[in-house]
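Structure record follows, encoded as C-alpha coordinates.
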Amino acid sequence: MTNIPNQAKQVVQLLQGHRSIRKFTTDQIPSETIERIIHCAQMASTSSHVQAYSIIGVTDQDLKRKLAEYAGNQTYVETCAHFLVFCADLYRLNYVTKSKGVDVTETLETTEKFIVATVDAALAAQNAAVAAEAHGLGVVYIGGIRNNPDKVAQLLQLPEKVYPVFGMCLGYPAQDPEQKPRLPQSCVYFENGYPDIHTVAEDLKQYDQEVKQYYIQRTKGKRQDTWSDMMVKTLSTPSRTHMKSFLEKRGFPLK
Ligand SMILES: Cc1cc2nc3c(=O)[nH]c(=O)nc-3n(C[C@H](O)[C@H](O)[C@H](O)COP(=O)(O)O)c2cc1C
(Lines give C-alpha, C1' and ligand atoms only; values in the text may rest on other atoms or scores of the structure.)
Protein backbone atom coordinates (compact mmCIF):
# COMPACT_ATOMS: atom_id res chain seq x y z
CA MET A 1 0.00 0.00 0.00
CA THR A 2 1.81 3.08 -1.22
CA ASN A 3 0.97 6.72 -0.56
CA ILE A 4 -1.46 5.95 2.21
CA PRO A 5 -1.26 7.93 5.43
CA ASN A 6 -0.24 5.69 8.37
CA GLN A 7 -3.58 5.94 10.12
CA ALA A 8 -5.45 5.06 6.93
CA LYS A 9 -3.09 2.14 6.34
CA GLN A 10 -4.12 0.52 9.63
CA VAL A 11 -7.84 1.10 9.04
CA VAL A 12 -7.69 -0.10 5.44
CA GLN A 13 -5.71 -3.20 6.43
CA LEU A 14 -8.31 -3.97 9.09
CA LEU A 15 -11.29 -3.46 6.78
CA GLN A 16 -9.74 -5.33 3.86
CA GLY A 17 -8.69 -8.15 6.20
CA HIS A 18 -12.24 -8.98 7.31
CA ARG A 19 -13.54 -12.51 7.36
CA SER A 20 -16.32 -13.98 9.45
CA ILE A 21 -15.18 -16.10 12.41
CA ARG A 22 -17.29 -19.06 13.53
CA LYS A 23 -14.93 -20.81 15.99
CA PHE A 24 -13.97 -19.12 19.21
CA THR A 25 -11.68 -19.73 22.19
CA THR A 26 -13.29 -19.88 25.62
CA ASP A 27 -11.64 -16.57 26.62
CA GLN A 28 -14.00 -13.93 27.93
CA ILE A 29 -13.99 -10.38 26.61
CA PRO A 30 -13.03 -7.73 29.19
CA SER A 31 -15.96 -5.45 30.06
CA GLU A 32 -13.95 -2.32 29.08
CA THR A 33 -13.51 -3.81 25.60
CA ILE A 34 -17.27 -4.39 25.28
CA GLU A 35 -17.93 -0.84 26.49
CA ARG A 36 -15.49 0.56 23.90
CA ILE A 37 -17.09 -1.51 21.14
CA ILE A 38 -20.57 -0.26 22.09
CA HIS A 39 -19.27 3.31 22.28
CA CYS A 40 -17.94 2.90 18.71
CA ALA A 41 -21.32 1.49 17.64
CA GLN A 42 -23.03 4.52 19.15
CA MET A 43 -20.83 6.95 17.23
CA ALA A 44 -22.09 5.69 13.86
CA SER A 45 -24.06 8.26 11.88
CA THR A 46 -27.77 8.15 12.60
CA SER A 47 -30.62 9.56 10.55
CA SER A 48 -31.77 12.95 12.03
CA HIS A 49 -29.98 11.93 15.25
CA VAL A 50 -32.91 9.60 16.08
CA GLN A 51 -30.60 6.75 17.25
CA ALA A 52 -33.40 4.33 16.49
CA TYR A 53 -31.72 1.10 17.56
CA SER A 54 -30.90 -0.83 20.70
CA ILE A 55 -28.32 -3.51 21.32
CA ILE A 56 -28.92 -6.45 23.64
CA GLY A 57 -25.69 -8.06 24.86
CA VAL A 58 -26.18 -11.71 25.73
CA THR A 59 -23.65 -13.52 27.94
CA ASP A 60 -26.00 -15.84 29.82
CA GLN A 61 -25.26 -19.40 28.63
CA ASP A 62 -28.88 -20.51 28.74
CA LEU A 63 -30.05 -17.52 26.70
CA LYS A 64 -27.23 -18.05 24.19
CA ARG A 65 -28.14 -21.74 23.88
CA LYS A 66 -31.76 -20.86 23.14
CA LEU A 67 -30.74 -18.16 20.65
CA ALA A 68 -28.40 -20.64 18.92
CA GLU A 69 -31.34 -23.01 18.53
CA TYR A 70 -33.72 -20.28 17.31
CA ALA A 71 -31.07 -19.21 14.76
CA GLY A 72 -31.21 -22.67 13.15
CA ASN A 73 -28.81 -24.50 15.50
CA GLN A 74 -25.87 -22.25 14.76
CA THR A 75 -23.61 -23.51 17.56
CA TYR A 76 -21.27 -20.52 17.45
CA VAL A 77 -24.07 -18.37 18.90
CA GLU A 78 -23.69 -20.51 22.02
CA THR A 79 -19.91 -20.85 21.96
CA CYS A 80 -19.01 -17.22 21.32
CA ALA A 81 -18.05 -15.13 24.35
CA HIS A 82 -20.59 -12.38 23.80
CA PHE A 83 -23.61 -12.30 21.53
CA LEU A 84 -25.05 -8.96 20.44
CA VAL A 85 -28.58 -8.58 19.14
CA PHE A 86 -29.05 -5.43 17.08
CA CYS A 87 -32.62 -4.20 17.17
CA ALA A 88 -34.41 -1.53 15.19
CA ASP A 89 -36.07 0.51 17.92
CA LEU A 90 -38.91 3.02 17.54
CA TYR A 91 -40.22 2.29 21.07
CA ARG A 92 -37.91 4.80 22.78
CA LEU A 93 -38.97 7.52 20.30
CA ASN A 94 -42.61 6.67 20.94
CA TYR A 95 -41.93 6.97 24.68
CA VAL A 96 -40.10 10.33 24.60
CA THR A 97 -42.62 11.94 22.27
CA LYS A 98 -45.56 10.60 24.33
CA SER A 99 -43.84 11.97 27.44
CA LYS A 100 -44.01 15.37 25.72
CA GLY A 101 -47.73 14.84 25.16
CA VAL A 102 -47.38 14.33 21.41
CA ASP A 103 -48.66 11.30 19.50
CA VAL A 104 -46.34 10.46 16.58
CA THR A 105 -47.76 6.99 15.89
CA GLU A 106 -48.64 7.88 12.29
CA THR A 107 -45.03 8.83 11.56
CA LEU A 108 -43.55 5.82 13.37
CA GLU A 109 -45.74 3.47 11.33
CA THR A 110 -44.37 4.62 7.98
CA THR A 111 -42.11 2.46 5.82
CA GLU A 112 -39.65 5.36 5.94
CA LYS A 113 -39.20 5.08 9.71
CA PHE A 114 -38.85 1.32 9.41
CA ILE A 115 -35.98 1.93 6.98
CA VAL A 116 -34.45 4.57 9.26
CA ALA A 117 -34.48 2.25 12.28
CA THR A 118 -33.18 -0.75 10.32
CA VAL A 119 -30.38 1.28 8.74
CA ASP A 120 -29.45 2.81 12.10
CA ALA A 121 -29.15 -0.68 13.61
CA ALA A 122 -26.99 -1.86 10.70
CA LEU A 123 -24.66 1.15 10.84
CA ALA A 124 -24.17 0.72 14.58
CA ALA A 125 -23.51 -2.98 14.03
CA GLN A 126 -20.85 -2.48 11.39
CA ASN A 127 -19.07 0.06 13.62
CA ALA A 128 -19.18 -2.53 16.40
CA ALA A 129 -17.83 -5.21 14.06
CA VAL A 130 -14.90 -3.06 12.97
CA ALA A 131 -14.14 -2.00 16.56
CA ALA A 132 -14.27 -5.63 17.68
CA GLU A 133 -11.90 -6.74 14.92
CA ALA A 134 -9.54 -3.88 15.84
CA HIS A 135 -9.35 -5.47 19.32
CA GLY A 136 -8.34 -8.84 17.86
CA LEU A 137 -11.83 -10.28 18.18
CA GLY A 138 -13.62 -12.29 15.53
CA VAL A 139 -17.20 -11.54 14.51
CA VAL A 140 -19.97 -13.10 12.50
CA TYR A 141 -23.37 -11.58 11.83
CA ILE A 142 -26.34 -13.86 12.55
CA GLY A 143 -29.35 -13.17 10.36
CA GLY A 144 -30.49 -16.63 11.45
CA ILE A 145 -32.25 -15.10 14.47
CA ARG A 146 -34.93 -14.00 12.00
CA ASN A 147 -35.80 -17.70 11.55
CA ASN A 148 -37.73 -17.42 14.80
CA PRO A 149 -38.14 -13.70 15.40
CA ASP A 150 -41.18 -14.12 17.68
CA LYS A 151 -39.27 -16.43 20.02
CA VAL A 152 -36.23 -14.13 20.01
CA ALA A 153 -38.41 -11.08 20.79
CA GLN A 154 -40.10 -12.95 23.60
CA LEU A 155 -36.86 -14.34 25.05
CA LEU A 156 -35.25 -10.90 25.13
CA GLN A 157 -38.44 -9.17 26.30
CA LEU A 158 -38.45 -6.76 23.38
CA PRO A 159 -41.28 -4.24 23.63
CA GLU A 160 -43.53 -3.31 20.68
CA LYS A 161 -41.90 -1.19 17.96
CA VAL A 162 -38.61 -3.04 18.52
CA TYR A 163 -37.52 -5.89 16.26
CA PRO A 164 -34.31 -7.96 16.13
CA VAL A 165 -32.58 -7.19 12.81
CA PHE A 166 -29.67 -9.60 13.29
CA GLY A 167 -27.27 -10.86 15.90
CA MET A 168 -23.48 -10.82 16.02
CA CYS A 169 -21.12 -13.32 17.65
CA LEU A 170 -18.05 -11.82 19.29
CA GLY A 171 -15.11 -13.82 20.60
CA TYR A 172 -11.41 -14.49 20.26
CA PRO A 173 -10.80 -16.44 17.02
CA ALA A 174 -9.93 -20.13 17.17
CA GLN A 175 -9.65 -20.41 13.39
CA ASP A 176 -7.92 -18.56 10.60
CA PRO A 177 -10.20 -18.91 7.56
CA GLU A 178 -9.40 -17.65 4.11
CA GLN A 179 -11.04 -14.50 2.90
CA LYS A 180 -14.02 -14.86 0.59
CA PRO A 181 -13.39 -13.11 -2.71
CA ARG A 182 -15.71 -10.19 -3.43
CA LEU A 183 -17.20 -9.05 -6.73
CA PRO A 184 -14.82 -7.04 -8.91
CA GLN A 185 -15.13 -3.31 -8.35
CA SER A 186 -16.34 -2.91 -11.94
CA CYS A 187 -19.51 -4.78 -10.91
CA VAL A 188 -20.41 -2.74 -7.84
CA TYR A 189 -18.99 0.76 -8.33
CA PHE A 190 -20.36 2.86 -11.20
CA GLU A 191 -19.51 6.48 -11.85
CA ASN A 192 -22.25 8.94 -12.73
CA GLY A 193 -25.01 6.41 -13.30
CA TYR A 194 -25.87 2.73 -13.62
CA PRO A 195 -24.35 1.10 -16.72
CA ASP A 196 -25.82 -1.42 -19.12
CA ILE A 197 -25.48 -4.65 -17.10
CA HIS A 198 -24.07 -6.45 -20.17
CA THR A 199 -20.89 -4.37 -19.92
CA VAL A 200 -19.97 -6.29 -16.75
CA ALA A 201 -21.03 -9.74 -17.97
CA GLU A 202 -17.44 -10.85 -18.61
CA ASP A 203 -16.27 -9.64 -15.21
CA LEU A 204 -19.13 -11.56 -13.58
CA LYS A 205 -18.04 -14.70 -15.42
CA GLN A 206 -14.46 -14.25 -14.24
CA TYR A 207 -15.69 -13.76 -10.71
CA ASP A 208 -17.68 -16.99 -10.98
CA GLN A 209 -14.44 -18.82 -11.78
CA GLU A 210 -12.63 -17.13 -8.90
CA VAL A 211 -15.34 -18.20 -6.43
CA LYS A 212 -15.32 -21.73 -7.87
CA GLN A 213 -11.56 -21.97 -7.31
CA TYR A 214 -12.02 -20.63 -3.78
CA TYR A 215 -14.50 -23.40 -2.94
CA ILE A 216 -12.47 -26.14 -4.67
CA GLN A 217 -9.45 -25.14 -2.60
CA ARG A 218 -11.40 -24.73 0.63
CA THR A 219 -13.32 -28.00 0.36
CA LYS A 220 -10.65 -30.08 -1.44
CA GLY A 221 -12.86 -30.24 -4.49
CA LYS A 222 -16.09 -31.23 -2.74
CA ARG A 223 -17.73 -27.92 -3.53
CA GLN A 224 -17.41 -26.37 -6.96
CA ASP A 225 -20.10 -23.69 -6.89
CA THR A 226 -19.71 -20.48 -8.80
CA TRP A 227 -21.18 -17.31 -7.30
CA SER A 228 -24.07 -17.42 -9.81
CA ASP A 229 -24.80 -21.04 -8.80
CA MET A 230 -24.94 -19.96 -5.18
CA MET A 231 -27.25 -17.06 -5.97
CA VAL A 232 -29.62 -19.36 -7.87
CA LYS A 233 -29.65 -21.74 -4.91
CA THR A 234 -30.18 -19.06 -2.32
CA LEU A 235 -32.83 -17.13 -4.25
CA SER A 236 -34.87 -20.01 -5.69
CA THR A 237 -37.06 -20.30 -2.60
CA PRO A 238 -38.33 -17.22 -0.76
CA SER A 239 -37.00 -17.23 2.79
CA ARG A 240 -38.45 -15.98 6.08
CA THR A 241 -41.75 -15.01 4.52
CA HIS A 242 -43.07 -14.69 8.09
CA MET A 243 -41.19 -11.38 8.43
CA LYS A 244 -44.01 -9.29 6.93
CA SER A 245 -46.61 -10.40 9.46
CA PHE A 246 -44.03 -10.45 12.27
CA LEU A 247 -43.17 -6.80 11.60
CA GLU A 248 -46.84 -5.83 11.44
CA LYS A 249 -47.42 -7.50 14.81
CA ARG A 250 -44.39 -5.73 16.30
CA GLY A 251 -45.77 -2.31 15.33
CA PHE A 252 -44.03 -1.82 11.97
CA PRO A 253 -47.04 -1.88 9.62
CA LEU A 254 -45.05 -0.25 6.75
CA LYS A 255 -47.56 2.35 5.66
C1 LIG B 1 -26.97 -9.41 7.88
C2 LIG B 1 -26.09 -10.62 7.83
C3 LIG B 1 -26.57 -11.82 8.30
C4 LIG B 1 -25.74 -12.95 8.33
N5 LIG B 1 -26.21 -14.10 8.88
C6 LIG B 1 -25.37 -15.16 9.03
C7 LIG B 1 -25.81 -16.32 9.75
O8 LIG B 1 -26.94 -16.41 10.24
N9 LIG B 1 -24.92 -17.32 9.89
C10 LIG B 1 -23.64 -17.27 9.40
O11 LIG B 1 -22.89 -18.23 9.59
N12 LIG B 1 -23.20 -16.18 8.72
C13 LIG B 1 -24.03 -15.12 8.54
N14 LIG B 1 -23.60 -14.00 7.91
C15 LIG B 1 -22.20 -13.92 7.44
C16 LIG B 1 -22.11 -14.01 5.92
O17 LIG B 1 -22.37 -15.33 5.52
C18 LIG B 1 -20.70 -13.56 5.50
O19 LIG B 1 -20.49 -12.23 5.91
C20 LIG B 1 -20.52 -13.67 3.98
O21 LIG B 1 -20.63 -14.99 3.55
C22 LIG B 1 -19.17 -13.13 3.56
O23 LIG B 1 -18.15 -13.82 4.23
P24 LIG B 1 -17.09 -13.04 5.13
O25 LIG B 1 -17.82 -12.23 6.16
O26 LIG B 1 -16.24 -14.11 5.76
O27 LIG B 1 -16.29 -12.16 4.22
C28 LIG B 1 -24.41 -12.87 7.82
C29 LIG B 1 -23.96 -11.65 7.32
C30 LIG B 1 -24.78 -10.55 7.32
C31 LIG B 1 -24.23 -9.24 6.80
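In this chain, numbering begins with 1 at the start of the sequence shown. Heavy atoms only: backbone and side chains are in, while hydrogens, waters and symmetry mates are out. Atoms within each ligand, like the ligands themselves, are counted from 1 in listed order.
Counting only heavy atoms of the protein, atom 1 (C) of ligand 1 lies nearest to Phe166 CD2, 3.8 Å. Shortest contact from atom 6 (C) of ligand 1 to any protein heavy atom: Tyr141 O, 2.9 Å. Residue, atom and distance of the protein heavy atom nearest to atom 15 (C) of ligand 1 are Arg22 NH2, 3.7 Å. Here the protein heavy atom with the shortest distance to atom 26 (O) of ligand 1 is Ser20 N, 2.7 Å.
Taking distance alone, with nitrogen or oxygen atoms compared against 3.5 Å, Gln74 approaches ligand 1 more closely than that limit. Polar contact with ligand 1: present for Gly143 (N/O pair, distance under 3.5 Å).
Distance alone, capped at 3.5 Å, places no donor-acceptor pair between the Ser20 side chain and the Val140 backbone.
Gln154 and Lys151 share no side-chain donor-acceptor pair at under 3.5 Å.
The ligand atoms of ligand 1 that sit less than 4.0 angstrom from a heavy atom of Gly144 are 8 (O). The distance from ligand 1 to the heavy atoms of Tyr76 drops below 4.0 Å at these ligand atoms: 10 (C), 11 (O). In the vicinity of Arg19, heavy-atom distances shorter than 4.0 Å reach the ligand 1 atoms 26 (O).
Counting non-hydrogen atoms of neighbouring residues, nucleotides and ligands closer than 6.0 angstrom, the CE atom of Met243 exceeds 12 such neighbours.
Heavy-atom distances between Gln179 and ligand 1 stay at or above 4.0 Å for every pair.
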- Item | Steps toward ring-ring contact (aromatic ring centres under 6.0 Å, His included) verdict (Tyr163, Phe114) | CA-CA 10 Å; Tyr163 91 93; Phe114 164 77; 5.7 Å; yes

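The pair Lys205-Glu202 meets the salt-bridge criterion, with a side-chain N (NZ, NE, NH1 or NH2) lying under 4.0 Å from an Asp/Glu carboxylate O. A salt bridge links Lys66 and Asp62; the closest N-O separation between the charged side-chain nitrogens and carboxylate oxygens is under 4.0 Å.
Leu170 CG to Thr59 OG1: the interatomic distance, rounded to the nearest 0.5 Å, is 11.5 Å.
Taking each of Met230, Arg182, Lys180 in turn, the one with a heavy atom nearest to atom 27 (O) of ligand 1 proves to be Arg182.
Of the listed residues (Glu248, Glu109, Glu112), just one forms a salt bridge (Lys or Arg N to Asp or Glu O under 4.0 Å) with Lys255, and that residue is Glu109.
Counting heavy atoms under 4.0 Å from ligand 1, residue Val140 touches it through the side chain alone.
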